Structures are given as structure tokens and as C-alpha cells.
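Read through the structure below, which is laid out as C-alpha cells, and then see the notes.
Order of the sequence lines fixes the chain letters, A, B, ..., with proteins taken first and strands second; residue numbering starts at 1 for each chain. Everything numeric here is computed off the predicted structure, so don't read it as measured data.
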2 protein chains.
Amino acid sequence: MDGPRASNTPAYLRIAAELRAQIVSGDLPPDAQLPTEHELAERWGVARQTARNGLMELVREGLVVGRRPLGHFVRKREQMDYRPQEESRPAARPEMDTFVNQVSAEGREPSQTIDVALVKATPDIASRLQVEEGALVVARRRVRLINGQPVNINDSHHPLDIVKDTPIMSPADVPIGTNQLLADLGYPQVRAVDEIFVRMPTPEQIHRLDLSRGTPVALHYVTGYTADDRPVRCTVNVLPGDLHRIVFDRTFERKWTR
Amino acid sequence: MDGPRASNTPAYLRIAAELRAQIVSGDLPPDAQLPTEHELAERWGVARQTARNGLMELVREGLVVGRRPLGHFVRKREQMDYRPQEESRPAARPEMDTFVNQVSAEGREPSQTIDVALVKATPDIASRLQVEEGALVVARRRVRLINGQPVNINDSHHPLDIVKDTPIMSPADVPIGTNQLLADLGYPQVRAVDEIFVRMPTPEQIHRLDLSRGTPVALHYVTGYTADDRPVRCTVNVLPGDLHRIVFDRTFERKWTR
DNA sequence: GAGTGGTCTAGACCACATC
DNA sequence: ATGTGGTCTAGACCACTCT
């Protein structure tokens with residue numbers, strides 16, 4: 001007998017394994033179309049659901065994307081560099097600059113949407129801004145896009161009292177940059193803490209970033225402090241894993257000789 | 001009518017949504033058991049497969065883990081800090097130190113396995129070490145464990161010619177640290193490039209790290225260069241997303257005043 | 001042994017973008 | 001209109017681990 005269980009690994013995993021091998025070997029190059037569920041089912045002598053499970057395994061791994069109703073295709077990876085240090089450095093130019101320069105240099109068209117809202121602090125923001133959970137904070141939410149496709153989310157949160165009635169609360173670009181503006185308001189940041197978490201996206205993130213299945217995200221929190229250790233900014237960057245390479249370059253202060 | 005399609009969202013997603021809400025609200029706390037597939041199917045009036053699909057949705061999101069044959073449970077997150085700078089700083093103490101100190105301070109038991117092999121350079125390693133793809137390089141592979149559970153992979157790769165016949169090729173701890181050893185051999189590193197990628201794990205990574213579904217990983221590459229810009233080390237750290245918080249803390253050189 | 005999830009089948013109907 | 005995937009059903013058998 002050589003039914004679906006000829007070997008002891010489930011049929012759908014063997015289907016997935018074969019396709020995976022073809023993908024990583026380059027036999028099935030990026031953007032190539034995979035066999036349809038029907039074809040796979042017939043070729044392997046299994047039910048469509050079983051063939052489909054094999055396909056879904058690769059989708060969850062991020063190797064394959066479905067384009068309804070065309071079929072499944074090998075995922076193409078193009079990553080742009082993301083430099084946390086520049087994102088959070090005081091010297092950084094106004095809000096869009098790093099992003100705009102990098103993207104337009106590549107001949108692609110950058111844009112962003114901004115909206116500002118008064119929101120109740122979620123636990124993660126509350127603890128970083130040292131306010132009560134549920135307290136009102138200002139959320140300046142931006143989505144950056146390339147050629148109309150969202151590539152990352154950048155939500156800055158500030159304690160209400162320090163940005164009230166300032167341009168930060170207006171949903172428009174701040175030419176000098178919000179960090180410089182905060183400094184001008186008497187809250188210069190002298191220190192920042194960067195944290196990165198890696199997880200699967202929430203349904204809301206999937207929606208805002210138009211993520212396909214099998215795309216994890218990096219959450220990059222930047223909390224900026226003034227000289228007296230007061231947090232005045234907590235920025236949450238959401239970076240789809242398939243689009244970003246997080247890079248930092250360091251020179252060692254002490255050399256490795258003794 | 002109120003069949004499985006009473007609303008236009010699929011039944012399995014509505015089931016997932018309800019459970020998700022209970023989890024994020026804390027109604028179903030970490031480690032709590034979810035209803036069995038049977039119970040869900042009956043309660044919602046759907047087939048078991050449909051209820052199961054709802055459950056799997058949450059598993060893929062990383063909110064829920066299955067413990068066969070007990071059932072599904074709300075995932076408990078415990079993250080340890082991972083500091084890229086310390087991992088790649090020359091001043092870092094010998095191989096296990098940072099890790100050992102941090103973990104044993106928490107009353108848990110750290111350990112590691114080491115194996116060393118001559119392997120053909122994969123494309124990612126080859127390009128970073130500036131060798132031909134497929135050329136032989138030395139891979140010093142370590143898995144770090146806490147209480148016997150693997151928590152991260154740390155694979156260092158070196159060009160064969162510079163580490164041949166040195167203690168680096170022995171699968172034992174190097175008390176002074178491999179970076180110091182490289183320096184002693186005449187290859188002090190003065191600069192490093194850090195790259196972080198976020199993806200779903202490969203089957204091999206799932207196996208080595210004993211990952212459950214819905215766990216993305218961060219790949220942290222550190223490439224170390226000597227003063228004449230020769231790469232002498234390429235380390236690949238694989239960090240399960242559910243176990244790690246990547247942190248770095250910075251003080252701004254230039255203050256934000258003008 | 002009981003009960004959990006893991007896999008599988010052979011059908012079915014539907015939504016949807018491209019043709 | 002066609003063909004793709006997306007969802008769903010009502011059964012079935014199996015593997016595993018807890019008790």
C-alpha cells in the first residue's frame with residue numbers, strides 16, 4: 001500500500017516539503033506560480049483539502065503567497081534598510097526625510113498619511129510614558145507608503161499636557177521634526193531606550209499594513225527621556241518582516257588587542 | 001437564518017475573534033485552557049473542522065498553544081532581554097558570561113551545547129565572509145538552554161584559514177572568548193555590522209529550538225571586521241520571538257537644544 | 001481506557017478577479 | 001464564463017498521554 005500515509009509523515013507535510021525544496025533550490029524562482037490545489041491533489045492522489053494543507057504550510061512559513069483567484073506564487077522578498085539609530089536620533093532631520101530620501105533615490109514614490117487622536121493609553125504605552133493606564137495621551141499616527149503600498153506604521157505617543165495646543169496635535173507634517181519641536185517646548189530628549197519585539201501581527205495591524213499571511217512583524221518601541229528622566233515620547237514602529245532589514249553599524253571603542 | 005454564515009465573516013474567524021477578545025481582555029488568563037474543539041463545534045453549531053480552524057487561527061497568531069493531548073491553552077509570554085551590543089562588543093566577557101549571569105541571577109539553570117563543523121558556506125554566510133558560495137568555513141554552533149529548554153541558537157562562522165588548528169575548532173568553551181582569541185591570533189575586530197531579520201522559522205530551526213507554531217524568529221547577524229576591513233566572523237543568532245526582547249539603550253551625543 | 005487533537009476524505013457551495 | 005481559492009460538512013481513523 002502507498003496511500004497518503006506511505007511514510008509516517010503526514011501527506012500534507014510531504015507535499016509541503018517537496019515544494020519547499022523546489023523553492024529554496026531556486027527551481028521554483030520568486031514569482032513563479034505553484035501547481036493549483038487541484039493539480040497537487042491529483043498528482044499526489046489525495047483530497048484537495050490535503051493538498052491545500054500542504055500549500056498553507058508554506059504560506060504560513062512566508063515562502064508562498066496566494067493571489068486570489070490566480071493561484072499561489074513564490075514570494076518575492078525585497079527588503080529596505082531600517083536603521084533604528086537614525087529613527088530615534090535627535091540629529092535626524094524632520095519626519096519624512098530619511099525615509100523620503102532613501103525611497104525616492106530608488107525611483108519609487110514615497111508618501112505618508114498622518115492622523116492625530118486623543119486616545120486612552122494602552123498598557124504598553126502607559127507604562128513607558130509613566131501615566132495611568134487609560135489616561136488620555138496624544139497619538140500621532142503615521143503610515144508610510146511606497147507606491148501606495150503601506151510599508152510601516154509609526155505611531156508617536158506623548159503625554160497630553162506637554163503637547164496640548166502645539167503643532168504636534170495637527171495632522172500635518174512638522175517641518176522641523178517633532179523631536180526638535182519638543183525640544184523647543186522645553187523638553188529636549190537626552191536619552192532613548194529602544195526595544196524590539198518580534199511577533200505575529202494583530203488583525204488590526206494586518207489591516208493597516210495589508211499584510212499577507214505568514215508575515216511576522218517587528219515592533220520597535222522608542223521611548224525618549226529628558227535630562228530629568230521624564231518620558232516625553234513613546235514611538236511604536238511596526239515593521240513587516242518581509243519588507244525590512246534592521247541594520248546598525250558599530251565601531252568598537254576599545255580595540256580587541258591587549 | 002443563522003447558519004455558519006449568519007454574518008458575512010466566516011464562522012471560524014468569528015469563533016477566533018470571540019476567543020481572541022477573551023484572551024486580550026484577560027478574561028481567559030495565560031495558561032487557561034480553551035474549550036475543546038468538540039465543545040466549540042457544539043456551542044457554535046458547526047463541524048469540528050470549522051471550530052478547529054478558529055482555534056488554529058489563534059495558534060498561528062501566537063496567542064494559543066496546543067498541548068497534546070490535553071487541549072489548547074492561552075500562551076504565557078516570558079521574555080528575557082537580549083542586548084545586541086553586548087553580544088557583539090569586544091569588551092564582552094567569554095562566551096557564556098552575559099547569558100549565564102543573567103539567567104542564573106533569575107534562579108534558572110543555564111547550559112549550552114557546542115558543536116564545531118566544517119561546512120559549505122551558504123549564500124548568506126558566504127557573502128558576509130567574502131568567500132565563494134560553497135567554500136568551506138568553520139561553523140561553531142551553540143544552542144543555549146534554560147532548564148533544558150532551548151532559548152536561542154548562536155552559530156559563529158569563520159574563514160577556515162584563520163582558525164585552522166586553533167581552540168576555536170574544538171567543541172569546548174573558550175574561556176577567554178573567541179573574539180579575544182581571534183585578536184590574539186592577529187585578527188582583532190574593530191568594527192561590526194548588525195543586521196536583524198524577522199521571519200517565520202525554517203523546519204530546521206523549529207526542530208533545533210523546539211518552537212511551537214505561531215512563533216516567528218529574529219535572525220541577528222553580526223559580521224566582525226579587522227582594521228583592514230577583512231571579515232573574520234559572521235555570527236547568526238536565532239531568537240524565538242516569544243522569548244526575547246531586544247533592547248538597546250542610547251544616550252544622545254548632541255543634545256536636542258539649539 | 002478515555003479523551004484530546006492530528007489527519008484525511010469526498011463531496012458541496014460560494015466569492016471573486018481575470019478573461 | 002471560467003477557474004482559482006475559501007469555506008464548510010459529516011463522517012472516519014489514528015496517535016498520543018494522562019489517569
Side-chain angles (χ1 to χ4, degrees), chain A residues 1-19 31-60 63-75 203 206-207 210-214, chain B residues 1-19 31-60 63-75 203 206-207 210-214:
Chain A
M1 49 168 124
D2 58 15
R5 267 286 182 29
S7 134
N8 53 10
T9 53
Y12 80 100
L13 287 182
R14 281 184 284 131
I15 296 173
E18 189 185 274
L19 292 172
D31 259 354
Q33 179 165 13
L34 279 75
T36 66
E37 299 179 352
H38 244 91
E39 287 169 5
L40 281 176
E42 194 174 4
R43 191 180 306 172
W44 286 77
V46 298
R48 174 164 76 106
Q49 199 55 251
T50 302
R52 174 179 173 75
N53 282 346
L55 238 18
M56 291 309 288
E57 197 67 20
L58 300 179
V59 169
R60 283 173 220 132
L63 288 178
V64 161
V65 289
R67 291 187 209 152
R68 241 192 355 173
L70 298 184
H72 284 97
F73 296 80
V74 179
R75 182 177 215 159
I206 291 175
H207 177 252
D210 191 25
L211 299 178
S212 60
R213 284 199 238 258
Chain B
M1 51 168 119
D2 58 17
R5 267 282 179 35
S7 135
N8 53 10
T9 54
Y12 79 100
L13 288 181
R14 281 184 284 131
I15 296 173
E18 189 185 275
L19 292 171
D31 260 353
Q33 179 165 12
L34 279 75
T36 67
E37 299 179 352
H38 244 92
E39 286 169 4
L40 281 176
E42 193 173 6
R43 192 179 307 173
W44 286 77
V46 298
R48 176 166 73 106
Q49 199 54 254
T50 302
R52 174 178 173 75
N53 283 345
L55 238 18
M56 291 310 287
E57 198 65 22
L58 300 179
V59 169
R60 283 172 219 131
L63 288 178
V64 160
V65 289
R67 291 186 209 149
R68 240 193 353 174
L70 298 184
H72 286 97
F73 296 80
V74 179
R75 184 178 212 156
I206 292 176
H207 176 252
D210 191 25
L211 299 178
S212 60
R213 284 199 239 257

By the 4.0 Å heavy-atom rule, please label Gly66(A) as base, sugar-phosphate, or nothing.
nothing
Quick check for you: among dT18(C), dT4(C), dT4(D), whose closest atom lies nearest to any side-chain atom of Pro69(B)?
dT4(C)
Enumerate, atom names and distances included, each donor-acceptor pair closer than 3.5 Å involving a side-chain atom of residues 37-46 of chain B, sequence neighbours excluded.
unit_1, atom_1, unit_2, atom_2, d
Glu37(B), OE1, Arg48(B), NH1, 2.6
Glu37(B), OE2, Arg52(B), NH1, 2.7
Glu39(B), OE1, Thr36(B), N, 3.2

Could you state the CZ-P distance from Arg67(B) to dT19(D), rounded to the nearest angstrom?
13 Å
Of the candidate nucleotides dC16(C), dG6(D), dA12(D), which contains the atom at the shortest distance from the side chain of Arg48(A)?
dG6(D)
What is the distance from CD of Gln49(B) to C1' of dA12(D), rounded to the nearest Å?
12 Å
Take the protein atom CZ of Arg52(A) and the nucleotide atom C1' of dG3(D), then report the distance between them rounded to whole Å.
15 Å
Val74(B) versus Leu34(B): any side-chain heavy-atom pair under 4.5 Å?
yes
With respect to the phosphate group of dT7(C), does any side-chain polar atom (N or O) of Tyr12(A) fall under 4.0 Å of OP1 or OP2?
yes
What integer distance in Å separates Ile15(B):CD1 from dC8(D):C1'?
11 Å
Between P of dC8(D) and CG of Asn53(B), the distance in whole Å:
7 Å
Which residue lies more 5' along DNA chain C, comparing Arg68(A) with Gly71(B) via nearest heavy atoms
Gly71(B)
Quick one: OG1 on Thr9(B) to CD1 on Ile15(B), what's the gap to the nearest 0.5 Å?
10.5 Å
Atom pair CE (Met56(A)) and CD (Gln49(A)), whose distance is rounded to the nearest 0.5 Å
10.0 Å
From CD of Glu57(A) across to C1' of dG5(D) the rounded distance in Å is 18 Å
Between dT9(D) and Thr50(B), is there an OP1 or OP2 to side-chain N/O distance shorter than 4.0 Å?
yes
Between Glu57(B) and Arg14(B), does a salt bridge (charged side-chain N to carboxylate O under 4.0 Å, His left out) hold up when you go through it step by step?
CA-CA 11 Å; Glu57(B) 198 65 22; Arg14(B) 281 184 284 131; over 6 Å; no
Rounded to the nearest Å, what distance is computed from the CZ atom of residue Arg213(B) to the P atom of nucleotide dG5(C)?
14 Å
What is the separation between atom CG on Leu40(B) and atom P on dT4(C), rounded to the nearest whole Å?
12 Å
Donor-acceptor check, side chain of Arg67(B) to backbone of Phe73(B), threshold 3.5 angstrom: yes or no?
no
Could you please spell out the steps behind the side-chain contact (heavy atoms from CB on, under 4.5 Å) verdict for Leu55(B) and Leu19(B)?
CA-CA 8 Å; Leu55(B) 238 18; Leu19(B) 292 171; 3.8 Å; yes
Using a 4.0 Å cut-off on heavy atoms, which residues in residues 31-39 of chain B reach DNA chain C? List them by number, or say none.
Thr36(B), Glu37(B)
